[in-house]
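First up is the structure itself, then whatever we jot down about it.
Residues take their numbers from the sequence shown, with the count starting at 1.
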Amino acid sequence: MPPPPGSTPQHQASAALARSASLLSIGAVASRILGLVREMVIASYFGATGLVSAFTVAGTAPKMLYDLLVGGMLSAALVPVLSDYARFDRDQEPRPEKGDPPPEAAQFGPNPELVRLVGALLSLSVVSLAALALLIFVFAPQVASLLAGDFDDFDPALLPLTSHLLRLMAPVVWFLSMAGLLTAVLFALQRFSLPALATAVYNLGILVAAPLLAGRIGIASLAIGVLAGSMVQFGLMAWDVRRAGLRFTVEWSHPALARIVRLYLPIAAGLIVAQFQVGLDRRLASSTGVQSIAWMSKATTLQQLPLGMISVAISLAALPRLSQQFAAGDEGAYRATLARGLRMVIVLIVPLLVGLGLLAEPAVRVLFERGQFTAADTAQVGSALHVYLVGALFAAIDFPLIYAFYARNNTLLPALVGVLSVLVYAVIALVLLEGLGFLGLVWADTAKQGAHAVVMLGLLYWKLKTVSGRGRPSDAEDGLEFSPKRYIGPNVRTAGTVVGAAAAMGLVMAWLLSLLEPVGTPSLSNDILRIVVGGGGGALAYAGALLLARQPEAWQLYRAAMRLGRLERESER
């Protein structure tokens, strides 16, 4: 059995990573749950109709611009650079040379250099993002036609509606992007709590606006909700930055801006290609029917639930630590942190994907099948979800690998792999579209995720193999060697253990679900019973198999749960 957490530096680092990841995961869970409720509200009021497809396309443009301008920059350039400038002792001490130990006692906060850098970032962004939002408003008809021009073949009213919704949401580009910049600042300051919850608040906009306004302004109520949610999210991030002691200053230049741009240029080039893929996906989907985009959107929402809860949360929590370890030349600590993150992702993501795959149909019925959302819609969303979950497994492994390169100030290789994966998508989409319709696009997206993850894993192995052992002498004493085999071995063993546990989970769930198979038309109570009994039984089988195999991460989670239970009992006394 592994030693208890806190007995070694590695376990202390694991605990710190777990705490940060837990905060982000809690926020992701809240956000995804509210996101599911949001989709349930949309399905109840508007079903999976062309109206929902028009709203989805209109919302695609602000999201594409956010991903291009801030989303990719946040993890690739902003967090690594801001984390460096957030050290209080940065001005008093020279930057460490490669091989020097990291500043173990470094404290992080809004020092003068960070204030100047953030002032320059925000000053430039306020003006440029406002101009971009104005352009989106002016050219909304052209953007709508580019993304969904084939709507005219099915319903001539949908394209003007898409343009109208896009104009309503044009300011979202400014609010979302500014909130993203402030989120990067908070991550660099090791403040994860409010950024983790802010995305959940974003979803509240639609939850409030749809019931209040849908009867009066129809589908436009969803656009109003998105705008309100983005405004509240920005307000929360601005408040937390001020609470951290950082005040806005007007600056128009800073030496670090060039460093950020240099890191981001490869990512920007890759994202341009990636956004082309998003636009192509929307355009091709619009050619398969007015409901296809709505079906794909519902399935994507369910697919992203485990990814946001597990992979994204763990990767974001590890990024500042990885960046600091690489900057200090501590390859041993860098590899140990990355290995821990990968093992945590593998152990936690697999049961969620297996369970969601087996429970796809009853889950979709319980969540969406009411009001305007029909049984036929459930069947189509379930079919798409099964395919998307295959890609989700690759995407879950891919996130830590991408962030590992970002922490090394290497944004070129992930960008090039992104271009390659988009080419894979385009080829497979065009081949499968005619025969499979919108499901051909779902398979193409899954192939893109798989290609990206496999190539990134190969590149990471090559990169680590070429790096000589330049860590601290204490690394060898802690058992951290620099052999790629030693580095990859624990993850391979973890993967093998997880596959066996997942197989046991699948067998138990299949047996339980067969016992609860409904006779005739499925009912809501039967679907809920199958989800609770099947999911609960599968989870117990998976956890039991991991504990019997003495899987270290499973035992760490078990001990943490036991400690939490003891604390609760003591508090009750």
Handout entry: Exercise: identify the closest heavy-atom pair between Arg530 and Leu359
Key = O-CD2, 3.8 Å
Problem - Leu227 side chain near Leu168 side chain, heavy-atom distance below 4.5 Å - result: no
Completion exercise
Smallest heavy-atom separation, Val52 atom then Ala294 atom, equals CG1-CB, 4.0 Å
Problem - Asp445 (side chain) donor-acceptor with Tyr388 (main chain) under 3.5 angstrom - result: no
Problem - Pair Tyr45-Leu222, side chain to side chain contact (heavy atoms under 4.5 Å, CB included): steps then yes or no - result: CA-CA 10 Å; Tyr45 279 94; Leu222 303 184; over 6 Å; no
Problem - Reported OG1-to-CZ distance for the pair Thr301 and Phe368, which is rounded to 0.5 angstrom - result: 6.0 Å
Handout entry: Pro141 and Arg167, any side-chain heavy atoms less than 4.5 Å apart
Key = yes
Handout entry: Thr162 side chain vs Ala144 backbone, donor-acceptor pair below 3.5 Å
Key = no
Handout entry: Tyr202 vs Ser230, side chain to side chain contact (heavy atoms under 4.5 Å, CB included): CA-CA, chis, key distance, verdict
Key = CA-CA 6 Å; Tyr202 172 75; Ser230 66; 4.0 Å; yes
Practice task
Would you mind reporting whether Asp377 and Trp295 have side-chain heavy atoms less than 4.5 Å apart?
Solution key: yes
Problem - Inter-residue atom distance Phe405.CZ - Leu459.CG, 0.5 Å rounding - result: 5.0 Å
Problem - Minimum side-chain heavy-atom gap Phe438-Leu284 below 4.5 Å - result: no
Handout entry: Backbone N/O of Val173 and side chain of Ser177: donor-acceptor pair under 3.5 Å
Key = yes
Problem - Gap separating the CG atom of Leu132 from the OG atom of Ser125, nearest 0.5 angstrom - result: 11.5 Å
Handout entry: CD1-CZ distance between Ile293 and Arg283, expressed to the nearest 0.5 angstrom
Key = 10.5 Å
Problem - Heavy-atom side-chain proximity of Ile402 to His452 below 4.5 angstrom - result: yes
Handout entry: Side chains of Thr56 and Met296 in contact at under 4.5 Å (non-hydrogen atoms)
Key = no
Exercise for the section: Measure the CG-CG distance between Leu342 and Leu460 for me, rounded to the nearest 0.5 Å. Expected result: 7.5 Å
Handout entry: Validation row: Phe399, Ile349 side chains within 4.5 angstrom (heavy atoms)
Key = no
Handout entry: Side-chain touch Arg38/Leu34, heavy atoms, less than 4.5 angstrom
Key = no
Handout entry: Rounded distance (nearest 0.5 Å) linking atom CG of Leu302 with atom CG of Leu389
Key = 8.5 Å
Problem - Exercise: identify the closest heavy-atom pair between Phe394 and Gln449 - result: CB-O, 3.6 Å
